[in-house]
Amino acid sequence: MTGPNATSTCSPAAKMGRHRSKSTSGSTYCISSPGAESATLSTPNNAGRSSGEEEEKDGGVLFYVNRTGFPIDGVTWERMWTHVAKVHPDGQDISKIRNAAYLPKHPVPSVPNFKPTMSVPDWLLAIQNYMKTLQYNHTGTQFFEIRKTRPLCGLMETAREMIRESLPIKCLEAVILGIYLTNGLTSVERFPISFKTQFSGNHFHHVVLGVYCNGRYGTLGMSRRQDLMDKALTFRTLSELVLEFEDSYRHYQHTLKKVKIGLYVPHDPHVFQPIEWKYLVLNAARLGREDMRKELEKHGRDMRMKILKSSSAQSPIKERTRGKSLSPRRRQSSPQRRHIHRRDKSPAALDRKPAELSTLTDGYQIRI
C-alpha cells in the first residue's frame, strides 16, 4: 500500500503516447488522492488551477482525474506529463519519451471470451489477468472519471471505453470493469467492498469487487499490492474474506478503521439506477474483530437470501413472506435491520435517520 509496485515492462506514461490530443482547450478537473496505494506520491503543483477544480486529500496524497474524456485535451495532457516528471524517480528522462522519433506501439490486450467449458473460477481468473495486463495506473492522473451516483448503464459505457482505450486503471475503475465483464455470469453475484485504513496518522481508502458463487466468496480488483486486490473464490463466509483483507493490511502496518459492504449489482447492464456502495457500514476500530465477524455473517446470510433492498430500485429479487424468519439460525430481524437501509454499526448510528439518495456516495476520489 505504501511502497512501489512490482516492476512492469512498460511505463503507463509511455503507453499514453498514442492518446495525445491536438486540442488546447481548458478542462475542469479534480485533484484527489489514490489513497494508501500512493502514500509516497508528492503533492502536485496547484498553479493554474481552473475555477471548476476541486481538491481532496486522502492520506495527504493528491492525484488528478481526467474529466474531459477522449481524446485527452491539451491541458490534461500537459498536466499529466508535468506531474510525472516531478514524482517519477526518472522524471528528468521524461523528455526522451515525449521527444522520441519512434516509440513501439503498445499491444492492446484481447478481451477474455467466456467459453462454456470454462469454470467460474477460471473465468474470474481470466478477467483478473486481463486487468493486470492493463496495468495499474502510476501516472497520477486517473484516465476514466467514475461518479458513484451515475446510473449503472452509464458506468457500463465507461467500462466499454476502458476496453477501447486499454489504458492503466486504478481500483475504482477495476470494480466497474469487473462488473461489466461478469454481467453474463448470472450464477455469480457481485458487490462492492470498501476499506478505510490508517497509517502514520493518515487515512487511506480502497475498494474491490466482491464475488459470490456456489457458497464461496472472492474478489476482483487492482492495487499496488498483490494481496490487496483479487482473492480466489475459496472463502466460505463474507467475514472470512474481509478479515483476510484486514490481515493483509497488517502486513503494511495499516489499521483497518471502516468496512463498507454494498448490495448485489444487477446483471442487466441497461438498468437506470446507481450501485448501492455502502449498505452496511462497520466501524472496525470500535466494534472489534468478533463483533464485526458476527455482523458480516448476518449481512452475508441476508444477501444470499436476497432479502435486502437498496434505497434505489434494485433488480427483481425474492422478498421473504411477512412474518417468516430470515433463517433457521436467527429470529426475525430487529427493527433496526428491517428499516434502516445502510447500517452503520458505530455508536450513536441508530439515532441517525436513513440517508437520502443524494448522500449515498462519499465521493469517487477514494482509491487504492
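Atoms considered below: every heavy atom in the structure, side chains included; atoms not considered: hydrogens, waters and symmetry mates. Source: prediction; values computed, not measured.
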Quiz item: Restricting to pairs with a member in residues 208-219, which pass side chain to side chain donor-acceptor pair (under 3.5 Å), not counting sequence neighbours?
Solution: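 Matches after skipping sequence neighbours: Tyr217-Arg304.
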Which pair of non-hydrogen atoms, one from [X] and one from [Y], has the smallest distance, and what is that distance?
X: Phe191; Y: Val211; value: CE2-N, 4.0 Å
X: Leu152; Y: Pro266; value: CD2-O, 3.8 Å
X: Tyr249; Y: His206; value: OH-CB, 3.2 Å
X: Arg67; Y: Glu145; value: NE-OE2, 3.4 Å
X: Val265; Y: Pro192; value: CG2-CD, 4.4 Å
X: His267; Y: Thr186; value: CE1-CA, 3.7 Å

- prompt: Aromatic ring centroids of Phe144 and Phe70 under 6.0 Å?
  reply: yes
Hydrophobic cluster membership, [X] vs [Y], 4.5 Å side-chain cutoff:
X: Val188; Y: Leu233; value: yes
X: Val208; Y: Leu125; value: no
X: Phe143; Y: Ile97; value: yes
X: Trp77; Y: Ile94; value: yes

Mind checking the [atom1]-[atom2] spacing from [X] to [Y]? Nearest 0.5 Å is all I need.
X: Arg286; Y: Met292; atom1: CZ; atom2: CE; value: 14.5 Å
X: Leu172; Y: Leu177; atom1: CG; atom2: CG; value: 11.5 Å
X: Glu246; Y: Arg293; atom1: CD; atom2: CZ; value: 13.0 Å
X: Ser248; Y: Arg225; atom1: OG; atom2: CZ; value: 11.5 Å
X: Phe199; Y: Gln253; atom1: CZ; atom2: CD; value: 6.0 Å
X: Glu244; Y: Leu228; atom1: CD; atom2: CG; value: 9.5 Å

Taking side chain to side chain donor-acceptor pair (under 3.5 Å) as the definition, give me every residue that meets it alongside [X], ordered by chain and number, with sequence neighbours left out.
X: Thr237; answer: Ser239
X: Glu189; answer: Lys306
X: Thr158; answer: Arg150
X: Asp247; answer: Arg250, Arg289

### Task
Let me know which of Val242, Asn283, Leu243 forms a side chain to side chain contact (heavy atoms under 4.5 Å, CB included) with Val259.
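When side chain to side chain contact (heavy atoms under 4.5 Å, CB included) is applied between Val259 and each of Val242, Asn283, Leu243, only Val242 qualifies.
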Are [X] and [Y] side-chain neighbours, meaning at least one heavy-atom pair lies under 4.5 Å?
X: Lys298; Y: Leu238; result: no
X: Tyr136; Y: Met229; result: no
X: Arg301; Y: Glu297; result: yes
X: Leu134; Y: Ser166; result: yes
X: Glu173; Y: Ile146; result: yes
X: Ile176; Y: Met156; result: yes
X: His205; Y: Lys260; result: no

(message) Could you check whether Thr139 and Asn137, counting side-chain N and O atoms only, form a donor-acceptor pair closer than 3.5 Å?
(response) yes
query: Between Arg98 and Glu78, is there a salt bridge with N-O shorter than 4.0 Å?
result: yes
Carefully, step by step, assess Lys294 and Glu290 under the rule side chain to side chain contact (heavy atoms under 4.5 Å, CB included). CA-CA 6 Å; Lys294 292 179 181 179; Glu290 183 61 24; 3.7 Å; yes
With sequence neighbours left out, the residues meeting salt bridge (charged side-chain N to carboxylate O under 4.0 Å, His left out) with Glu157 are Arg160, Arg164
- Output all residues satisfying salt bridge (charged side-chain N to carboxylate O under 4.0 Å, His left out) with Lys257, sequence neighbours left out; order by chain, then residue number.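 Expected list: none.
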Show me the donor-acceptor pairs within less than 3.5 Å that the side chains of residues 109-121 make with the rest of the protein, sequence neighbours left out.
| residue | atom | partner | partner atom | Å |
| --- | --- | --- | --- | --- |
| Ser119 | OG | Asp122 | N | 3.3 |
| Ser119 | OG | Asp122 | OD2 | 3.0 |

Using a 3.5 Å distance criterion without hydrogens, assess whether the side chain of Asp93 forms a donor-acceptor pair with backbone atoms of Lys96.
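Not confirmed, Asp93 side chain does not pair with Lys96 backbone.
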Fill in: Expected output: side-chain Gln128 to main-chain Gly221 donor-acceptor under 3.5 Å
yes
Please tabulate, one pair per line, all N/O donor-acceptor pairs under 3.5 Å involving side-chain atoms of residues 178-185, not counting sequence neighbours.
| residue | atom | partner | partner atom | Å |
| --- | --- | --- | --- | --- |
| Thr182 | OG1 | Gly178 | O | 2.7 |
| Thr182 | OG1 | Ile179 | O | 3.3 |
| Thr182 | OG1 | Arg190 | NH1 | 2.7 |
| Asn183 | OD1 | Arg190 | NH1 | 3.3 |
| Asn183 | OD1 | Arg190 | NH2 | 3.1 |

